[in-house]
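Please read the structure below before turning to the comments.
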Amino acid sequence: MARYEIPQTMKACVLTGPNAFEIREDVPVPVPGPEEVLCRIGGVAICGSDPGVFDGHLAGEWPPSYPFIAGHEWAGRVVALGEGVTKFRVGDRVAGEAHKGCGHCRMCLEGRYTLCLNYGKPDAGHRHYGFITQGAYAQYCVFHVKSCTPLPDEISYREAAMCDTGGVALHGVEIAGIIPGSTVAVIGPGPIGMMAMKLAKALGAARVIVVGRGSRLASAQRLGCDDAVDFTKADPVQAVRLLTDGLGVDACLECSGANGTVSQAVRMCRKGGHAVLLGVPAVEHDEPIPFKYIAHNEIMLSGSRANPNVGWKLLNMIKAGSISVKEMVTHTFPLEEMAKAMDVFVGRKENVMKVVIYPNGGEQA
Ligand SMILES: [Zn+2]
Ligand SMILES: [Zn+2]
């Protein structure tokens with residue numbers, strides 16, 4: 001079995017308070033407990049939810065306290081094993097996952113562990129890496145084996161860091177029940193919407209209509225959507241209906257979280273269609289929805305949370321070439337340049353889509 005020199009301390013991006021972080025060199029390297037592995041982080045992508053964790057508006061929950069290390073869209077290498085680990089060997093490459101359910105509540109037993117009834121209770125075995133549990137903006141991090149998926153050698157860390165975003169999209173696509181030959185609308189061509197579009201196509205959707213605006217809508221066209229609707233120029237529901245002979249789409253995937261889009265998603269659906277909400281609004285708000293339209297047309301409306309049970313599927317698809325994620329990562333930065341990376345990501349500068357941080361210098365980690 002391979003052996004790796006493990007230092008006592010490591011470099012990490014440490015949140016010290018709301019809107020405050022430091023790159024520290026003296027953070028103790030964590031020690032894996034039972035069924036946990038210590039991973040050297042190869043690459044970690046900035047998530048759309050990270051700015052909210054960094055700015056501290058959810059402090060007390062995400063993160064529960066300071067100091068805290070965020071980051072959950074990671075891939076890396078197992079460098080040490082905790083007690084009782086049989087799933088991995090030292091040296092294995094893995095892709096990570098943010099959620100780890102308690103494993104014994106009703107939702108976990110059904111495999112729906114992102115809905116764990118013991119959410120936020122570490123004593124019950126629940127983990128939410130990078131939100132509640134220490135995360136991956138560091139050279140090393142400890143993860144439960146359940147949160148690690150074997151990573152094929154052919155897939156780079158940079159690509160594997162897309163497993164979270166891609167997985168969120170794939171879970172929504174699965175809930176929508178997208179079938180070959182179907183017509184799909186995607187609202188919001190951000191990273192999740194873009195992956196949802198790619199996955200719908202890969203699963204055989206005949207036509208994917210993307211609703212958005214500006215440079216991201218242009219990116220969706222470049223990356224293969226069949227029709228693009230600019231909601232600043234046309235009513236998006238009418239436009240989608242016009243493109244579908246007045247029928248509406250089989251499935252609509254709401255990936256923006258923007259105000260007013262729930263009703264739009266529902267009204268874009270054909271009779272018996274399925275609207276799935278993957279987008280997360282910045283703050284909770286109530287939205288009017290067309291009661292009679294939903295009832296009389298048997299529209300299904302579903303929520304979709306995170307990426308349960310999809311990591312291996314996505315990795316197999318990437319490995320087989322049935323989906324490509326390379327062009328999704330537009331920027332990479334070393335951990336030391338976290339402030340710059342965040343600035344580019346949050347400010348949507350330089351046509352950014354996804355940003356990957358390299359805590360250990362690059363792909364060779
Ligand atoms: Zn994420
Ligand atoms: Zn549970």
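Atom set for the values below is all heavy atoms of this structure, side chains included, hydrogens, waters and symmetry mates excluded. Whatever order the structure lists ligands and atoms in, that order sets their numbers, starting from 1.
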Self-check item: Taking every non-hydrogen atom, the tightest pair across Ser256 and Thr261
Solution: OG-CG2, 3.7 Å
Self-check item: Interatomic distance, Phe131 atom CZ to Asp50 atom CG [nearest 0.5 angstrom]
Solution: 6.5 Å
Quiz item: For the side chain of Glu159 and the backbone of Val325, is there at least one donor-acceptor N/O pair under 3.5 Å apart?
Solution: no
Quiz item: How close do Thr165 and Glu73 get, heavy atom to heavy atom, and via which atoms?
Solution: OG1-OE1, 3.4 Å
Quiz item: Quick check: does Asp164 have an N/O/S atom under 2.8 Å of the Zn ion (ligand 1)?
Solution: yes
Self-check item: Test item: Asp250 and Ile178 side chains (from C-beta on) under 4.5 Å apart, heavy atoms
Solution: no
Self-check item: Cationic tip of Arg127 above Phe143 ring, under 6.0 Å, 45° of axis
Solution: no
Quiz item: What angle sits at the Zn ion (ligand 1) between OE2 of Glu73 and SG of Cys47, to 10°?
Solution: 90°
Practice problem: Using the six-membered ring of Tyr157, assess whether NZ or CZ of Arg93 lies under 6.0 Å from its centre and within 45 degrees of the ring axis. | Solution: yes
Quiz item: At distances under 2.8 Å, what protein N, O or S atoms surround the Zn ion (ligand 2)?
Solution: Cys102 SG, Cys105 SG, Cys108 SG, Cys116 SG
